[in-house]
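Encoded as structure tokens, the structure appears first; notes follow it.
Quick caveat, the model's predicted, so the values are computed rather than measured. A, B, ... follow the sequence lines: proteins, then strands. Residue 1 opens every chain.
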Protein chains: 2
Amino acid sequence: MGIHERKQREKEQRRKQIMEAARKVFSAKGFNKATMEEIAGEAELSPGTLYLYFKNKEELHTSLSIDILEYITEQMKKFIDRQDINAEEKMNTLKDTFINVYEYDPMVLINLFHLQSGETLKNLSPEVLEELTETSSDALSAITSIVSEGIDQGIFAAKHPVAMADIIWATYSGVVLWVDSKRLLNNEKDFVKQTLETAFEIMLNGFKIK
Amino acid sequence: MGIHERKQREKEQRRKQIMEAARKVFSAKGFNKATMEEIAGEAELSPGTLYLYFKNKEELHTSLSIDILEYITEQMKKFIDRQDINAEEKMNTLKDTFINVYEYDPMVLINLFHLQSGETLKNLSPEVLEELTETSSDALSAITSIVSEGIDQGIFAAKHPVAMADIIWATYSGVVLWVDSKRLLNNEKDFVKQTLETAFEIMLNGFKIK
DNA sequence: ATTATATTTTGAACATCATTTATTGTTTGA
DNA sequence: TCAAACAATAAATGATGTTCAAAATATAAT
């Protein structure tokens, strides 16, 4: 009776092993420059095997993005329901979470934000697309709940909370993508953290009732 | 003596013709799905000819982005030096410009924002990279000048103007990319315009001295 | 234990492009 | 009229994502 379960477990392990190899290669080369052959090599498997676990290159990439999105959501859930801090403090904790995730693995995060592109979404299987939709929606709900709390507490101006959550997420992705590419264009040092700090300061100030 | 000039002109025309074909195809298919063969077909040329005018696919794509960036900068220059409106009004005009550009050709704009990715930048010739750096820098300078004016006028809080300009640009790109991809994920209608309106409202409020 | 069946993996074949190059065609200037 | 310069082409090349028939391995049945 345990055989089937063990096989299931092994299948899941193999999947994780491929994803870990993919994470390394995508992180080092970016989506286009990474090759399935190199990922297979890193995972000590043949290229064909990758297609038994992922429909195609885009779906393998998307699975990594889903993982990091889930991680972000998990981190947010650790503090959104806390009663001892108000919405403004939660916004600051959110900012810290965002910065931590960026610093932990900048490339995977940047790749996640790039995924937000129509051409990629078209190549996903319905299941993975569904999973991505679900995960994004969870992340956005968590952010929305902070905003709503701020409005309820009379700290934030009463705008549409979903739009506000979108703007928070958009600012996060926009700052990471733009400041990082500016660094590459101008051989600057990495200002992502500082710019995120300032952006959140401005956003928070913009949210508040005067 | 005019022959050389005519040839120069024809060369420039052919370049434009290729870019126009590329614009159509990239706009319809996105970067990865668009093929050089299809672009060549659209331009009524053979694939090889494209390489006499552009080093590679990425450089052709980048040329389009430079064009739209130049257009944005041009639009900004029309009002940044006006004396009859203050910095806050200029911010609103900036927002309108951003919305107009999005509505004129969403895909080319989205592709521009996607370009802001390290892996693409590595494949550009030094000249085109230089041109892109220059153009981005021009656009950012224009935005920075609005922010600086606001600080000088005592309307905006005195933060680092360059960081503030980065945040404006990052918010623009972030909102366009995220809200558009959310639309694709959830089959929603296009909320980019409304979200940009709200984002600017919040940002402007966040900039202001209370 | 042996054989049959099912599962998993392989690696070579295939198809699709981006890019290069040898060739052809065209314009210019003498 | 012709040679040199220029421009464009079509076919070849190479890289790489993806598929598939065969091999290897594990499980189940007799």
Side-chain angles (χ1 to χ4, degrees), chain A residues 1-19 21-22 25-26 28-64 111 115 119-125 128, chain B residues 1-19 21-22 25-26 28-64 111 115 119-125 128:
Chain A
M1 190 43 44
I3 287 175
H4 183 252
E5 290 172 14
R6 195 202 73 227
K7 284 212 159 191
Q8 208 62 25
R9 219 163 40 234
E10 282 173 351
K11 217 160 180 166
E12 190 51 38
Q13 273 183 309
R14 180 121 307 173
R15 205 185 131 91
K16 283 277 158 59
Q17 167 195 0
I18 293 170
M19 282 173 69
V25 179
F26 282 136
K29 307 259 175 111
F31 182 79
N32 281 318
K33 290 287 175 59
T35 73
M36 291 301 267
E37 200 180 345
E38 192 174 353
I39 295 169
E42 181 71 37
E44 297 175 292
L45 292 167
S46 73
T49 308
L50 271 49
Y51 289 85
L52 300 173
Y53 293 84
F54 300 91
K55 187 187 156 211
N56 55 37
K57 191 183 176 184
E58 266 147 357
E59 200 157 303
L60 173 52
H61 184 259
T62 301
S63 300
L64 296 177
N111 286 337
L115 164 71
E119 56 170 328
T120 304
L121 300 177
K122 300 233 164 44
N123 273 29
L124 303 179
S125 65
V128 171
Chain B
M1 194 39 45
I3 287 174
H4 184 252
E5 289 171 15
R6 195 202 74 229
K7 284 211 160 190
Q8 209 62 25
R9 217 162 42 235
E10 282 173 351
K11 216 158 181 169
E12 191 52 37
Q13 273 184 308
R14 179 121 307 171
R15 205 186 132 90
K16 283 277 159 59
Q17 167 195 0
I18 294 170
M19 281 173 69
V25 179
F26 282 135
K29 307 258 175 112
F31 181 79
N32 281 318
K33 289 286 174 60
T35 72
M36 291 301 266
E37 199 180 343
E38 192 175 353
I39 295 169
E42 182 70 37
E44 296 175 294
L45 290 168
S46 71
T49 307
L50 271 50
Y51 289 86
L52 300 174
Y53 294 84
F54 299 91
K55 186 187 156 210
N56 54 38
K57 191 182 176 186
E58 267 147 358
E59 200 157 303
L60 172 52
H61 185 258
T62 301
S63 299
L64 295 177
N111 286 337
L115 164 71
E119 54 170 329
T120 305
L121 300 176
K122 299 234 167 32
N123 272 28
L124 303 178
S125 65
V128 171

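- Rounded to an integer number of Å, the gap from B:E37 CD to D:dT9 C1' is 13 Å.
- The nucleotide whose nearest atom lies closest to any side-chain atom of A:L52 is, among C:dT27, C:dT9, D:dT16, C:dT9.
- The interatomic distance linking B:H61 (NE2) with C:dA18 (P) rounds to 13 Å, in whole Å.
- Taking atom CD on A:Q17 and atom P on C:dT8, their separation rounds to 14 Å, with Å as the unit.
- For C:dT19, the OP1/OP2 oxygens have a side-chain nitrogen or oxygen of B:Y51 closer than 4.0 Å.
- Distances shown here put a side-chain N or O of A:R6 below 4.0 Å from the OP1 or OP2 atom of D:dT27.
- Taking atom NZ of A:K57 as the reference point, atom P of D:dA15 lies 15 Å away to the nearest angstrom.
- Under the 3.5 Å distance criterion, the side-chain polar atoms of A:Q17 are matched with a main-chain donor or acceptor of A:A43.
- Backbone-only contact: A:A34 has heavy atoms under 4.0 Å from sugar-phosphate atoms and none from a base.
- The pair B:E5-B:R9 does not count as a salt bridge, with every side-chain nitrogen at least 4.0 angstrom from each carboxylate oxygen.
- Nucleotide C:dT27 holds its C1' atom 13 Å from the NZ atom of B:K11, rounded to whole Å.
- B:A43 comes within 4.0 angstrom of nothing in the nucleic acid, heavy atoms only.
- In this structure, CG of A:L60 is placed 12 Å from C1' of D:dG17, rounded to the nearest angstrom.
- The backbone N or O of A:N123 sits less than 3.5 Å from a side-chain atom of A:K55, completing a donor-acceptor pair.
- Separating the CG atom of A:L50 from the C1' atom of C:dT9 is a distance of 12 Å, rounded to the nearest angstrom.
- Checking the phosphate oxygens (OP1, OP2) of D:dA8, no side-chain nitrogen or oxygen of B:T49 falls inside 4.0 Å.
- Counting any heavy atom pair closer than 4.0 Å across all strands shown, A:L45 reaches sugar-phosphate atoms only and no base atom.
- Remark: side-chain polar atoms of A:K29 are not paired, donor with acceptor, to backbone N or O of A:T35 under 3.5 angstrom.
- Taking atom CD of B:E10 as the reference point, atom P of C:dT26 lies 15 Å away to the nearest angstrom.
- Between A:E10 and A:R14, none of the side-chain N atoms (NZ, or NE/NH1/NH2) sits under 4.0 Å from a carboxylate O, so this pair counts as no salt bridge.
- Between B:K7 and B:G48, the one whose closest nucleotide on DNA chain C sits nearer the 5' end is B:G48.
- The residue B:Y53 sits close only to the backbone: its heavy atoms come under 4.0 Å of sugar-phosphate atoms, none of a base.
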